[in-house]
Protein chains: 2
Amino acid sequence: MKHEDAHQHVHHNHNDCIESALSTAEALCIQQGQRLTKVRRRALELIWESHRPLGAYQLLAKLAEEGFNSAPPTVYRALDFLLGAGLIHKVESMNAYLGCAHADKAHKGYFLICDECHNVMEFDYQDIHAALVEKAARQGFELRAETIELTGLCEKCKGKSVGASA
Amino acid sequence: MKHEDAHQHVHHNHNDCIESALSTAEALCIQQGQRLTKVRRRALELIWESHRPLGAYQLLAKLAEEGFNSAPPTVYRALDFLLGAGLIHKVESMNAYLGCAHADKAHKGYFLICDECHNVMEFDYQDIHAALVEKAARQGFELRAETIELTGLCEKCKGKSVGASA
DNA sequence: GTTTTACTTGTTATATCATAACAAAATTCT
DNA sequence: AGAATTTTGTTATGATATAACAAGTAAAAC
């Protein structure tokens with residue numbers, strides 16, 4: 001399974017990455033008095049294992065294979081919990097869910113989404129955030145949440161295919 | 001910074017605003033050899049009349065009331081056309097559609113969405129766009145489209161309700 | 001350590017958003 | 001008019017998400 005993680009631009013050990021995310025998640029939940037139950041924990045792992053945004057029903061199918069309940073509320077409850085805890089993000093333009101790489105630091109999830117390979121890179125630019133907050137404030141608007149989803153071609157796909165489709 | 005936004009929080013004559021959008025739309029379609037048929041034109045008007053994001057099925061219901069066909073493809077085809085022509089935007093985080101205030105100028109649709117009153121302001125900040133393009137490029141990413149949806153409290157609602165809901 | 005409480009999960013049903021596939025009609029081109 | 005293209009009608013289904021209520025489980029209070 002180490003092969004399909006064609007995910008990000010930088011090589012890394014995907015298992016380490018999942019383990020780290022999970023132990024961060026556990027620490028955060030304990031700290032906040034939240035319960036990372038079996039299904040929530042497994043959902044988070046599965047999202048990380050895909051390492052690209054996973055649809056709710058894809059996730060549900062994986063959970064069902066492992067003996068969890070297979071009705072939609074199961075997966076949406078897990079997703080709600082993980083979203084609320086800041087452990088995952090929803091990519092609105094894809095209706096899909098992605099592990100949050102910086103759950104421990106307060107941050108905004110900004111995404112670069114490749115149209116060809118559908119990999120997603122999360123990035124976190126404080127200066128853009130600051131500019132958005134300030135510009136919203138000029139219109140009297142108090143910012144609470146940001147959905148920043150940029151699509152285009154990642155470095156690899158830009159080189160490969162000019163007109164081809166995935 | 002001038003006040004580039006320009007539509008929602010400022011008083012304006014809504015009818016003028018719709019008429020202007022429609023005549024821009026007509027001009028653009030002719031220019032591009034596209035056909036702004038009855039249903040497309042009426043869909044665009046209805047979206048503008050709501051002046052806040054309209055769901056596909058809400059729009060479908062309105063069209064059906066006026067004697068248009070009431071099957072979903074009717075409305076999705078109209079929406080696809082209008083999106084393709086740049087006459088409307090889709091607000092991904094709401095699954096809803098909004099008239100584009102600057103259809104004639106190439107631009108990115110950035111939105112401020114109020115959590116309380118659900119009004120949406122479109123804004124267009126060239127400097128943020130430039131920063132995003134540049135930062136994406138640093139990661140080898142070639143930007144094609146941007147989904148920038150900021151939620152929070154608009155000026156009116158910030159004053160009114162601190163904890164109340166709409 | 002049992003009761004009470006809060007939280008979590010199971011279950012059924014349904015709401016909401018969107019597209020596939022193919023037929024019919026209208027428009028445009030020659 | 002005839003052919004080609006585009007648009008619309010129609011039926012069916014896929015994909016995403018939530019409501020409502022019952023049952024179970026863990027934590028807190030006693």
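All chains are named by letter (A, B, ...) in the order of the sequence lines, taking the proteins before the strands, and each is independently numbered beginning at 1.
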Short side-chain N/O contact to C/dC17 OP1/OP2 from A/Asn95, under 4.0 Å: no
Pair A/Glu66 + A/Lys62: basic N to acidic O under 4.0 Å: no
Qualifying residue, where the test is side-chain hydrogen bond (donor to acceptor under 3.5 Å, both in side chains) with A/Tyr110 and the options are A/His89, A/Glu146, A/Glu122: A/Glu146
Short side-chain to backbone donor-acceptor contact, A/Glu142 and B/Gly152, under 3.5 Å: no
Pair A/Glu45 + A/Arg40, salt bridge at N-O below 4.0 Å: no
Between CG on residue A/Leu132 and CZ on residue A/Phe141, distance to nearest 0.5 Å: 11.5 Å
Residues within residues 62-87 of chain A bordering DNA chain C, heavy-atom distance below 4.0 Å: A/Asn69, A/Ala71, A/Pro73, A/Thr74, A/Arg77
Rounded distance (Å) that lies between atom C1' of C/dT27 and atom CD of B/Gln34: 14 Å
Residues that A/Leu28 engages under side chain to side chain contact (heavy atoms under 4.5 Å, CB included), provided they are two or more places apart: A/Thr24, A/Gln31, A/Gln32, A/Leu87, A/Ala103
Lys/Arg N to Asp/Glu carboxylate O, A/Arg42 vs A/Glu49, below 4.0 Å: yes
Integer-rounded Å distance: C/dT16 P and A/Tyr57 OH: 14 Å
Touch class at under 4.0 angstrom, heavy-atom based, for A/Lys38 against every strand present: nothing
Whole-Å gap separating P (C/dT16) and OH (B/Tyr97): 15 Å
B/Leu112 versus A/Ala136, closest heavy-atom pair with distance: CD2-CB, 4.0 Å
Nucleotide range of DNA chain D lying under 4.0 Å from chain A heavy atoms: D/dT16 to D/dA26
